[in-house]
Protein chains: 2
Amino acid sequence: MSTSTKPQPEQEPGGTTYTIGELAREFDITTRTIRFYEDQGLLSPTRVGSRRLYRRRDRARLKLILRGKRLGFTLAEMREAFDLYDEAHGEAQQLRYYLSVLDEKRQHLLQQRDDLEATMRELEQSYAHCQQLLEQQERERNGAQRIAS
Amino acid sequence: MSTSTKPQPEQEPGGTTYTIGELAREFDITTRTIRFYEDQGLLSPTRVGSRRLYRRRDRARLKLILRGKRLGFTLAEMREAFDLYDEAHGEAQQLRYYLSVLDEKRQHLLQQRDDLEATMRELEQSYAHCQQLLEQQERERNGAQRIAS
DNA sequence: TTTGCCGTTTACGTCCACGTCAACTATTTT
DNA sequence: AAAATAGTTGACGTGGACGTAAACGGCAAA
């Protein structure tokens, strides 16, 4: 039967593309995770037959998603942000709203930066204190050794 | 019956203390949340009868917990960190392990700082671009007005 | 005394972010 | 032809971080 489906021949009409497995390996996540992100409306790869095909844009979004996760954003939050970004290329109303949302995010990030710096300071303190204790112990051991000899 | 339970009279034997409700209000969380943290081994307030009594130390820990949460640490992680901190006042073995853990955390925070700065930069870019679009629209509106008049 | 108000434990429910099969298809390798 | 490899869609399970009653105790003001 002369099936008209020609899955392979098209040699990437424009730019680099990726399979789901490639992306999974590159970012050290499972394919399940990537499909889940699509389910939640965060990714929308094109299809070649039934297979998903990811372009540079999709890969960039995935990067953003993972970074967002490391910063504690929820998938829903990021979905909103992406949707806004995509639809904010016109009416002033939309643009103004988008600006306000960006400002919120900025506040969030500023708070987080403070948290991060405070935590970093305390961590360094603990570190230094811990080292002091160790050095003191070493000195005590040395002292004991000198006495014993 | 002369019950020997004297819940109130002891006027705070040392330093400030807090009830669970006070802390909940102060940090804008529910009492359920605070009890949950205790369940997970993150807090261990003393008791007056059956009531929980929180001291400055407990309050400080709660602050740490909430900050940790904002930075994406899990409760289990923080529990471990606290346990380590509490028990790392002796053997060199423990101290060395503690140092290594602190180093891990530091790596985490550094990664997060990079993520944060990158996100902040992109956010500012979006912000600026968005403002440009708005200003351009204003100019267009003004132009149209001048023509119409 | 009764009515709030704050506190307690126990237990089940929920939302999020996936993990884990299962059953199937399509291609490539042996 | 058989096996290995990569992909697909369900559907159910899970762990973390609480929410949400339910049922009770203790105390202070009305």
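Labels below follow one simple rule: chain letters A, B, ... track the order of the sequence lines, proteins then strands, and each chain is numbered from 1.
Atom CD1 of B/Ile34 is separated from atom C1' of D/dG19 by 15 Å (rounded to the nearest Å). The separation between B/Gln40 atom CD and D/dG16 atom C1' is 8 Å, rounded to whole Å. One interatomic measurement links the two molecules: CD1 of A/Ile29 to P of C/dA17, which rounds to 14 Å at whole-angstrom precision. With rounding to whole Å, B/Asp39 atom CG is found 14 Å from D/dG19 atom P. Remark: P of D/dA17 and CG of B/Leu66 are 13 Å apart, rounded to the nearest angstrom. B/Tyr37 places its OH atom 8 Å from the P atom of D/dA17, with the value rounded to the nearest Å. Separating the OH atom of A/Tyr54 from the C1' atom of D/dA6 is a distance of 13 Å, rounded to the nearest angstrom. Rounded to a whole Å, the CZ atom of B/Arg70 is 16 Å from the P atom of D/dA17.
Within 4.0 Å of A/Arg47, counting heavy atoms only, lie sugar-phosphate atoms of the nucleic acid but no base atom. Residue A/Thr19 is in sugar-phosphate contact alone, with no base atom involved, counting any heavy-atom pair closer than 4.0 Å across all strands shown. Within the nucleic acid shown, A/Arg35 comes within 4.0 Å of at least one base atom, counting heavy atoms only.
Annotation: of the two residues near DNA chain D, A/Glu38 and B/Thr74, the 5′-most nearest-nucleotide partner is A/Glu38. Each of A/Phe36 and B/Ile20 has a nearest nucleotide on DNA chain C; the 5'-most of these lies closest to B/Ile20.
Side chain A/Arg32 to base C/dT20: a donor-acceptor pair is found below 3.5 Å. Between the side chain of B/Arg51 and the base of C/dG7 there is no donor-acceptor pair of N/O atoms closer than 3.5 Å.
For the pair B/Arg113/B/Glu117, a side-chain contact is recorded, criterion being any heavy-atom separation below 4.5 Å from C-beta on.
Taking a cutoff of 4.0 Å between a charged side-chain nitrogen and a carboxylate oxygen, B/Arg47 and B/Glu38 qualify as a salt bridge. The pair A/Arg79-A/Asp83 meets the salt-bridge criterion, since a charged nitrogen lies less than 4.0 angstrom from a carboxylate oxygen. Using a 4.0 Å cut-off between charged side-chain N and carboxylate O, B/Asp86 and B/Arg57 make a salt bridge.
Judged purely by distance below 3.5 Å, without hydrogens or angles, the side chains of A/Asp115 and A/Gln111 pair a donor atom with an acceptor atom.
Closest contact between the side chain of B/Arg52 and the listed nucleotides D/dA17, C/dT8, C/dA17 involves C/dT8.
Note on A/Thr30: a side-chain N or O is less than 4.0 Å away from OP1 or OP2 of C/dG19. For C/dG7, the OP1/OP2 oxygens have no side-chain nitrogen or oxygen of B/Thr31 closer than 4.0 Å. At the phosphate of D/dC18, OP1 or OP2 sits under 4.0 Å from a side-chain N or O atom of B/Lys69.
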